[in-house]
2 protein chains.
Amino acid sequence: MTETSSRLLTLLSLLQGRRDWPGGELAGRLEVSGRTVRRDVERLRGLGYPVESLTGPAGGYRLRAGAAMPPLLLDDDEAIAIAVGLRTAARASVTGIEETSVRALVKLEQVLPAHLRRRVSALGSATMTLPAGGPTVDPQSLTVIAAACRDSECVRFAYRGRDGVGSRREVEPHSLVNLGRRWYLLAWDRARSDWRTFRVDRLAKPASTGVRFAPRHPPAKDAAAYVARSLSAAPSRYEARVTLHAAAESVRKRVPSHWGTIEPIDDRTCEYRTGDENLDWLAVRVAMLGVDFEVCEPPELSEHLRALARRLERAAGPQ
Amino acid sequence: MTETSSRLLTLLSLLQGRRDWPGGELAGRLEVSGRTVRRDVERLRGLGYPVESLTGPAGGYRLRAGAAMPPLLLDDDEAIAIAVGLRTAARASVTGIEETSVRALVKLEQVLPAHLRRRVSALGSATMTLPAGGPTVDPQSLTVIAAACRDSECVRFAYRGRDGVGSRREVEPHSLVNLGRRWYLLAWDRARSDWRTFRVDRLAKPASTGVRFAPRHPPAKDAAAYVARSLSAAPSRYEARVTLHAAAESVRKRVPSHWGTIEPIDDRTCEYRTGDENLDWLAVRVAMLGVDFEVCEPPELSEHLRALARRLERAAGPQ
DNA sequence: ATATTGAGGACAGATCCTGGCCTAAACCAT
DNA sequence: ATGGTTTAGGCCAGGATCTGTCCTCAATAT
């Protein structure tokens with residue numbers, strides 16, 4: 001019955017590729033009689049995929065949205081677009097679907113033909129990183145780790161700790177957690193026989209070792225909460241408070257919500273609060289707003305801006 | 001044979017959801033005998049989807065990447081993640097896959113169940129807009145128009161021309177073109193009986209009228225080229241040449257290749273060339289390098305940097 | 001060495017598929 | 001209003017396919 005099944009898939013593919021299909025044309029494409037097409041449509045309906053039909057001239061078949069997702073039949077370019085889209089969503093989005101994006105990406109990359117994979121990574125490396133994005137996570141690392149989590153396979157990687165000290169690790173990955181703009185890996189460190197959290201942008205060349213492990217009970221039910229807690233003893237973090245000379249509304253449109261909060265002061269000024277671990281990005285983020293502003297705190301930011309201003313003035317050269 | 005076909009799809013779905021599956025477990029899930037599972041695997045292989053198998057304890061089946069994309073079987077969350085990812089990719093990416101992203105998005109949205117669609121638009125509206133992105137295109141508009149292009153259906157919308165004058169249009173859409181960071185619609189304007197290009201971020205509430213039309217011959221073979229030509233009064237584009245006081249090697253690591261080229265001058269300085277349509281972006285990009293530099297050209301960039309420096313100095317407040 | 005897991009041939013009975021033919025109903029355009 | 005076009009679906013007969021069972025063999029991990 002490989003014949004019928006593959007024909008059904010082809011039919012689905014056709015119906016997904018264009019909206020309206022006359023029965024006769026489908027019969028031609030599938031190289032079967034019109035009667036069989038009608039039966040195939042019936043079968044698809046039986047499978048839960050709602051196929052509408054219109055009689056009369058200009059009639060035909062049309063796949064509608066149903067209660068459940070039908071299998072998506074993608075051509076090469078579309079698969080690439082989805083892979084690239086998921087990669088950017090996984091690292092740049094703010095909507096709280098990052099984990100799901102990575103899961104979908106793993107599913108897709110598992111079956112992505114090699115030549116497409118090459119094209120994706122070619123495009124992926126050309127993908128722009130947000131100007132003020134800080135250290136970027138390699139989507140490749142994310143998918144390798146996520147796949148290892150899913151399949152209970154050990155992972156080896158080089159890690160550069162907060163203090164800059166490098167080490168090689170072999171861990172049993174438990175889950176990937178996205179907090180703020182960062183990715184963390186919660187894993188059981190085999191050498192240290194304990195749970196550790198790793199910042200994904202600090203690890204290099206993660207590779208699945210192929211060794212399977214029996215899943216352990218995580219140190220807490222909610223991995224995300226656990227990671228957040230273990231980061232609460234976080235190091236120096238700059239919290240900025242800045243007065244912007246612009247209406248809150250006009251600024252809000254241009255500031256992604258996770259980049260901080262905007263509170264109106266009056267019709268013409270508002271207060272912007274945001275935090276980061278790096279003064280450079282903090283400075284750029286504020287400067288990029290394109291409006292006049294004043295730093296309330298921290299003093300380090302003022303100092304940093306002054307230095308930046310001097311540098312820019314030097315760069316601009318003589319008047 | 002709806003039974004066999006749907007079982008094959010379920011099997012594909014299982015194989016996509018996890019990597020390793022023992023035959024016995026598959027048999028249980030599919031409620032068939034182990035022999036039938038082996039036959040189903042054989043069928044999948046016959047369809048071109050490579051299923052690996054390992055014998056012995058800890059053996060099982062595993063779906064590998066093959067030569068062609070298999071149908072993707074997504075759960076609800078994954079479908080949402082893909083939709084959101086494609087929406088952001090379609091409007092924010094710079095990789096040249098925007099058109100394809102929209103096409104894939106149209107395909108997906110055509111079959112996206114209603115409750116998922118609601119979740120996507122809820123998330124989509126919360127999606128961040130790039131800080132200096134200029135006017136943003138509504139992904140919803142893009143998909144409506146792209147679907148209309150694909151299905152040869154007329155579209156009605158309100159348009160605000162370059163001079164700010166509003167009008168209502170009814171057009172036969174031909175193609176969507178992405179140039180730079182903007183989207184354009186090439187369409188036959190029915191009232192004016194001529195081809196027109198519309199900037200998608202300037203049109204409001206596009207809606208498919210349901211009226212089909214017979215595709216016309218476009219005014220040029222390559223729609224993108226045509227649009228580009230008709231925009232030849234294009235926005236001034238800035239090409240920057242900057243001398244960096246840092247070794248080429250150390251800078252290269254921090255500059256994505258498509259952001260420009262780095263050429264060494266001597267051991268301690270190098271030249272950075274890059275271009276953009278927006279001076280803000282250009283300035284930030286260079287400033288973010290974190291090294292001293294001098295602007296060679298264009299003069300506008302120098303002027304811009306001076307202004308930025310003044311603003312930063314003001315922002316930093318008194319010494 | 002042994003147990004576990006996949007591979008696959010053979011067989012029999014049941015099931016299902018296909019194409020062809022025919023009638024009904026819906027719909028568009030002249 | 002009418003005729004042509006398009007989907008809907010019943011019926012039939014011949015042929016192909018599927019499934020479960022039983023069996024033997026090969027590969028692999030403990």
Side-chain angles (χ1 to χ4, degrees), chain A residues 1-12 14-15 18-47 49-64 151-154 209-214, chain B residues 1-12 14-15 18-47 49-64 151-154 209-214:
Chain A
M1 196 38 34
T2 169
E3 187 76 15
T4 313
S5 300
S6 94
R7 197 180 56 239
L8 280 184
L9 285 179
T10 311
L11 177 55
L12 256 182
L14 290 174
L15 288 174
R18 204 213 290 174
R19 205 180 54 178
D20 291 292
W21 287 92
E25 200 170 339
L26 290 176
R29 296 278 192 124
L30 301 174
E31 298 181 310
V32 288
S33 70
R35 184 69 186 86
T36 299
V37 169
R38 288 201 290 280
R39 266 194 281 249
D40 281 351
V41 167
E42 206 178 316
R43 275 190 267 262
L44 286 186
R45 287 174 181 154
L47 256 48
Y49 311 131
V51 181
E52 267 185 350
S53 50
L54 295 173
T55 64
Y61 297 94
R62 164 185 307 192
L63 181 60
R64 265 199 328 135
D151 301 323
S152 299
E153 277 199 3
C154 291
T209 64
V211 177
R212 306 288 300 271
F213 64 86
Chain B
M1 197 38 34
T2 168
E3 187 76 16
T4 314
S5 301
S6 96
R7 196 181 57 239
L8 280 183
L9 284 180
T10 311
L11 176 55
L12 254 183
L14 290 174
L15 288 174
R18 205 212 288 176
R19 206 181 52 176
D20 291 292
W21 288 91
E25 199 170 338
L26 290 176
R29 295 278 191 124
L30 302 173
E31 299 180 311
V32 289
S33 70
R35 184 68 183 89
T36 299
V37 169
R38 286 201 289 280
R39 268 195 279 247
D40 281 351
V41 166
E42 207 177 314
R43 274 190 268 262
L44 285 186
R45 287 175 181 151
L47 255 47
Y49 311 131
V51 181
E52 267 185 351
S53 50
L54 296 174
T55 63
Y61 297 94
R62 163 185 307 192
L63 181 59
R64 264 198 330 132
D151 302 323
S152 299
E153 278 199 4
C154 292
T209 64
V211 177
R212 306 285 301 272
F213 63 87

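Proteins get letters first, then strands, A, B, ... in listed order; numbering begins at 1 in each.
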Student: How many whole angstroms separate atom CD of B:Glu52 from atom P of C:dA7?
Tutor: 11 Å
Student: Calculate the interatomic distance between A:Arg43 atom CZ and C:dT15 atom P; express it in whole Å.
Tutor: 17 Å
Student: Mind calculating the distance between CG (A:Leu11) and P (C:dT18) to the nearest angstrom?
Tutor: 12 Å
Student: Mind checking if B:Arg45 touches a base, just sugar-phosphate, or nothing, with heavy atoms under 4.0 Å?
Tutor: sugar-phosphate
Student: So for B:Arg38 and C:dG6, does any side-chain atom that can act as donor or acceptor lie under 3.5 Å from a complementary atom in the base?
Tutor: no
Student: Within the side chain of A:Arg45, is there an N or O that forms a donor-acceptor pair under 3.5 Å with the backbone of A:Val51?
Tutor: yes
Student: Atom CG of B:Asp20 to atom P of D:dA29: distance rounded to whole Å?
Tutor: 13 Å
Student: Expressed as a whole number of angstroms, how long is the span from A:Glu31:CD to C:dG19:C1'?
Tutor: 15 Å
Student: So what does A:Arg212 touch, heavy atoms closer than 4.0 Å: a base, only the sugar-phosphate, or nothing?
Tutor: nothing
Student: Atom CG of A:Leu15 to atom C1' of D:dT7: distance rounded to whole Å?
Tutor: 14 Å
Student: Is the shortest side-chain N/O distance from B:Arg7 to OP1 or OP2 of D:dT19 below 4.0 Å?
Tutor: yes
Student: Of all heavy-atom pairs between B:Asp20 and A:Arg212, which one has the smallest distance, and what is that distance?
Tutor: OD2-NH1, 3.3 Å
Student: Starting from C1' on D:dG20, measure out to CD on B:Glu42 and report it in whole angstrom.
Tutor: 16 Å
Student: Please state how far atom CZ in A:Arg62 lies from atom C1' in D:dT6, giving the value in whole angstrom units.
Tutor: 15 Å
Student: Work out which heavy atom in B:Ser5 is nearest to a heavy atom in A:Leu8; give both atom names and the distance.
Tutor: OG-CD1, 3.6 Å
Student: Quick one: is D:dG20 close enough that its OP1 or OP2 comes under 4.0 Å of any side-chain N or O from B:Thr36?
Tutor: yes
Student: On DNA chain C, compare the nucleotides closest to A:Ser33 and B:Ser53; which residue's is nearer the 5' end?
Tutor: B:Ser53
Student: Under the 3.5 Å rule, do the base of C:dG6 and the side chain of B:Arg35 count as making a donor-acceptor pair?
Tutor: no
Student: Using a heavy-atom cut-off of 4.0 Å across all strands, would you classify A:Gly60 as base, sugar-phosphate, or nothing?
Tutor: sugar-phosphate
Student: D:dT19, OP1 or OP2 - any side-chain N/O from B:Thr4 closer than 4.0 Å?
Tutor: yes
Student: Of B:Asp40 and A:Arg39, whose closest DNA chain D nucleotide lies nearer the 5' terminus?
Tutor: A:Arg39
Student: Decide yes or no for A:Glu25 and A:Leu14: does some side-chain heavy atom of the first lie under 4.5 Å from some side-chain heavy atom of the second?
Tutor: no
Student: Give me the atom names and distance for the closest heavy-atom approach of B:Tyr61 to B:Gly23.
Tutor: CE1-CA, 3.7 Å
